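Okay, so here's the structure we're looking at.
All figures in this text were calculated on a predicted structure; none of them were measured in a lab. In this chain, residues are counted from 1 in sequence order.
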Amino acid sequence: MIKFVNKFAVILFFAALFSGLLLNAKNLGHEPSGGGDDYYYNYIAQNLIEHGRFSLNQTESTNVSEPLYPMFIAGIYKIFGVKNYDFGP
């Protein structure tokens, strides 16, 4: 039984690795497409810092995401600044 489980785990691992490599090769050389939820997290975190509201605009609250990650990003912004691009190579 252990040998079967190990073989299955190895096959599953390589199948996942191969599919990931295939997807990356398909997108290689292309700009990443927009459409992620990073815009929402960033904007909510900025509104938390600037206006003290968990919202996408300044008038009404939002339920786009759970509050923990935007609050974490807001804490990072509070420490390092909202548009701090100074670190890096």
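In this structure, CG in L17 is found 5.0 Å from CZ in F13, a value given to the nearest 0.5 Å. Here the CE atom belonging to M71 is positioned 13.0 Å from the OH atom belonging to Y41, to the nearest 0.5 angstrom.
Inter-residue side-chain proximity for N42 and Y77 is flagged as met; some heavy-atom pair is nearer than 4.5 Å.
No single ILVMFWY cluster, assembled from side-chain heavy atoms under 4.5 Å apart, contains both I11 and F18.
Contact detail for A45 and A74: the closest heavy-atom pair is CB-N, 3.7 Å.
Heavy atoms of other residues, nucleotides or ligands lying less than 6.0 angstrom from CG of L68 number 12 at most.
For N47 (side chain) and R53 (main-chain N/O), no donor-acceptor pair under 3.5 Å exists by modelled atom type.
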